[in-house]
J.: 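Mind looking over this structure? Questions follow.
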Amino acid sequence: MKKTPATGSAHPVEPKADKASVRRHNLSLVLRTVHEAGETTRAAVAARVGLTRAAVSSLVEQLMENGLLVESGKTFSGQAGRPGTVLKAADTGPAALGVEINVDYVSVCVVDLAGADRVRITETVDNRAAGPEEVLRRAARIAARALETAAVRRLHPVGVRLALPGLVSAGTVHQAPNLGWNRVEADRLFAGALAAERPGLPQLVVASDNEANAAALAELWFGAQGPVRSFVHLTGEIGVGGAIVFRGELLRGAHGFAGEIGHLPVDAGGPMCRCGSRGCLEQYAGQAALLRAAGITDAPAPEPLSPASGVLPRAADPSRPASEPLSPASGVLPPAPEPLSPASGVLPRAADPSRPAPGTPPAPGPPAPAPGAPAPGPPSPAPLAASGVDELVRRVEEGEPRAVAAVEEAGRMLGLALAGAVNLLDPEAVVLGGIYPRLMARLGPAVEAELERRVVSGLWKPSAGRLRAASASADAARGAAAVVIREVLADPLSYTG
């Protein structure tokens, strides 16, 4: 043990790195350098990382033997001496599988070591119409098809990353209001379903994250934001997802739930949200809300799901009856019996000042069923909105007043919420993804007007170009897969034979 001069306290001395550890580190360094450059030479790598050309050549040979680097066949003669052969990341061999499960679609992609999207399967499906197990089984079937195609192309994914809506941590979806999921062990259920689809084949390691986080990482790594490294990213789907990137790193918060801007209240007396609160941003700027406001769908605003639906409400809501515990074998865990404490970082619903005080008469609802009649189920979800979005875009482009008003009101509410985020975080840019890029001609000016009015620094000017559309190629499935690729780059020997 060694004592520090300032305090005299004892700290363990880190063991000296052995030769194998140093080489392992240098293999990662060389592989990451080639990956970031796209194409480069051994000499350029040596100059960049500070190793000798001989050392780099030895490391490159090992990476090529393990199928991680290849020579492109081109040469480069920009330096003295004989031309150098150009290196690039292999487009066969180790790869990654990304799976995005959203309310109205499942998208699966296989990404190679260079980050290129090599296999893509997307299916439009109403995932609200089935339970979590069936949704994850369906996603596993799509993933198995993608893996078959990848194998034909000599790509071998080494891991799977799920991109899921809602509060996600440690392999569990703690709450996904728009899917009606509550404490679903997504990693375990998906891994089992994928293994069942591929009997006799090695099981892949499965991990998961929030889909908005994955989309933000895709924008950071593959998007067209140039040197911008700090931004707030919003995704307009059925709900509104959000993520925060600060100095090139995802800002996750103390419990991993940072970025839930879709459930930021913009009107304390506004419509009920499926999360159980009122006036959430997504009730004004989410896809379902936009289509409803534009008169394209006539589904009612959502109400929190009841136990009759088989999906558990938030445990801390005292206005709802307790439900029967579901079996842990199903992967859907019963809610905690007591409201979460402030120490958990999630306040009980009683702490929400926008909700009516205890004793306030409830708003009128549907009449109670007659004695002995079956309990009613939850409100029917709005129809799938893919064609509805096309219709919304058409109406807005034609200047139909109701559609234009709906989009501009959504922009105003987005600007209201984003002004708080910009005042708090001071990002370089705000990036809008999902359906928002298709509506930017009307949506953008409304968002900009609120930001210019409310950002206290006075630095937000529409002419500065800080409000941006997300890149079409930077979606959550690709971002999720790229997280696995980053793990390969960090320790390549762990993913080779």
Side-chain angles (χ1 to χ4, degrees), residues 31-32 34-35 38-39 63-72 87-102 105-125 135-164 186-209 211 214-215 217-218 221-222 472-497:
L31 182 60
R32 284 183 284 120
V34 176
H35 178 272
E39 291 187 339
L63 290 168
M64 291 178 64
E65 288 171 3
N66 283 281
L68 299 167
L69 288 181
V70 295
E71 293 179 334
S72 70
L87 302 168
K88 66 177 184 177
D91 56 6
T92 59
L97 180 70
V99 180
E100 180 188 3
I101 299 174
N102 219 304
Y105 64 87
V106 174
S107 189
V108 175
C109 72
V110 176
V111 168
D112 66 21
L113 202 59
D117 192 336
R118 299 288 302 283
V119 179
R120 172 74 65 159
I121 304 175
T122 300
E123 291 191 2
T124 299
V125 59
V135 170
L136 290 161
R137 278 197 298 268
R138 180 187 297 138
R141 287 194 291 271
I142 299 171
R145 286 162 45 203
L147 290 171
E148 289 176 359
T149 303
V152 172
R153 297 174 183 174
R154 296 190 297 149
L155 291 164
H156 310 293
V158 298
V160 184
R161 184 63 60 110
L162 306 179
L164 305 167
D187 287 10
R188 181 178 67 80
L189 290 172
F190 181 87
L194 186 61
E197 293 289 329
R198 306 169 71 237
L201 294 175
Q203 292 193 29
L204 298 176
V205 175
V206 178
S208 56
D209 199 355
E211 52 85 21
L217 289 174
W221 294 330
F222 308 118
S473 61
D475 69 301
R478 189 180 183 193
V483 172
V484 178
I485 294 298
R486 272 354 195 231
E487 293 170 354
V488 176
L489 298 176
D491 188 11
L493 290 187
S494 294
Y495 298 92
T496 57

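Excluded from the calculations below are hydrogen atoms, water molecules and symmetry mates; all remaining heavy atoms, backbone and side chain alike, are included.
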J.: Go through the structure and list residues passing salt bridge (charged side-chain N to carboxylate O under 4.0 Å, His left out) with Glu487, not counting sequence neighbours.
T.: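 Expected list: Arg161.
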J.: Between Ser494 and Asp491, what is the shortest heavy-atom contact and its length?
T.: OG-OD2, 2.5 Å
J.: Are any non-hydrogen side-chain atoms of Val205 and Val160 less than 4.5 angstrom apart?
T.: no
J.: Nearest 0.5 angstrom please: Ile142 CD1 to Arg137 CZ, how far?
T.: 13.5 Å
J.: Nearest 0.5 angstrom please: Leu113 CG to Asp91 CG, how far?
T.: 10.0 Å
J.: Can you tell me how far apart CG (Leu493) and CG (Leu63) are? Round to the nearest 0.5 Å.
T.: 7.5 Å
J.: Between Ala89 and Val70, which heavy-atom pair has the shortest distance, and what is it?
T.: O-CG2, 4.2 Å
J.: Hey, does the side chain of Asp112 reach the backbone of Ala114 with a donor-acceptor pair shorter than 3.5 angstrom?
T.: yes
J.: Can you name the nearest heavy-atom pair linking Lys88 to Gly38, along with the distance?
T.: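 Looking at all heavy atoms of both residues, the shortest contact is CB-O, 3.4 Å.
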J.: When you measure from the side chain of Arg32 to the backbone N and O of Ala490, does any donor-acceptor pair fall under 3.5 Å?
T.: no
J.: How many angstroms lie between atom CG of Leu194 and atom CZ of Arg141, to the nearest 0.5 angstrom?
T.: 12.0 Å
J.: With sequence neighbours excluded, tell me which residues meet salt bridge (charged side-chain N to carboxylate O under 4.0 Å, His left out) with Glu39.
T.: Lys74
J.: Between Glu123 and Tyr105, does a side chain to side chain contact (heavy atoms under 4.5 Å, CB included) hold up when you go through it step by step?
T.: CA-CA 6 Å; Glu123 291 191 2; Tyr105 64 87; over 6 Å; no
J.: Do Val158 and Val488 come within less than 4.5 Å of each other through their side chains, counting heavy atoms only?
T.: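 The answer is yes; the side chains approach within 4.5 Å.
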J.: Is any side-chain heavy atom of Asp187 closer than 4.5 Å to one of Leu162?
T.: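 Yes, close enough: below the 4.5 Å cut-off.
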J.: So Arg153 and Thr92, side chain to side chain contact (heavy atoms under 4.5 Å, CB included) or not? Walk me through it.
T.: CA-CA 7 Å; Arg153 297 174 183 174; Thr92 59; over 6 Å; no
J.: So, using side-chain hydrogen bond (donor to acceptor under 3.5 Å, both in side chains) as the criterion, who are the partners of Arg120 when residues are at least two apart?
T.: Ser107, Asp117, Asp475
J.: Using side chain to side chain contact (heavy atoms under 4.5 Å, CB included), reason through Arg145 and Thr149 one step at a time and then give a plain yes or no.
T.: CA-CA 6 Å; Arg145 286 162 45 203; Thr149 303; 5.8 Å; no
J.: Heavy atoms only: give me the nearest Ala481-Cys109 pair and the separation to one decimal.
T.: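 Shortest heavy-atom contact: CB-SG, 4.3 Å.
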J.: Do Phe190 and Val99 have side chains that get closer than 4.5 Å, going by heavy atoms?
T.: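 When only atoms from C-beta onward are counted, Val99 and Phe190 do touch, with a gap below 4.5 Å.
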J.: Nearest 0.5 Å, what's the CG-CG distance between Leu147 and Leu155?
T.: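 Leu147 CG to Leu155 CG: 10.5 Å, rounded to 0.5 Å.
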J.: How far apart are the closest heavy atoms of Ala146 and Val110, and which atoms are they?
T.: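 Between these two residues, the closest heavy atoms are O-CG2, 4.1 Å.
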J.: Side chains of Asp209 and Leu164: closer than 4.5 Å at any heavy-atom pair?
T.: no
J.: Using 0.5 Å steps for rounding, measure from the CG atom of Leu69 to the NE2 atom of His35.
T.: 11.0 Å
J.: Just wondering, do Trp221 and Val483 contact through their side chains at under 4.5 Å, heavy atoms?
T.: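 When only atoms from C-beta onward are counted, Trp221 and Val483 do touch, with a gap below 4.5 Å.
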J.: Around atom CZ of Arg154, are there more than 12 heavy atoms of other residues, nucleotides or ligands at under 6.0 Å?
T.: no
J.: Measure the shortest side-chain to side-chain distance between Leu68 and Pro94 over non-hydrogen atoms and say whether it is less than 4.5 angstrom.
T.: yes
J.: Give the intermediate values and the outcome of side chain to side chain contact (heavy atoms under 4.5 Å, CB included) for residues Arg478 and Val111.
T.: CA-CA 7 Å; Arg478 189 180 183 193; Val111 168; 4.1 Å; yes
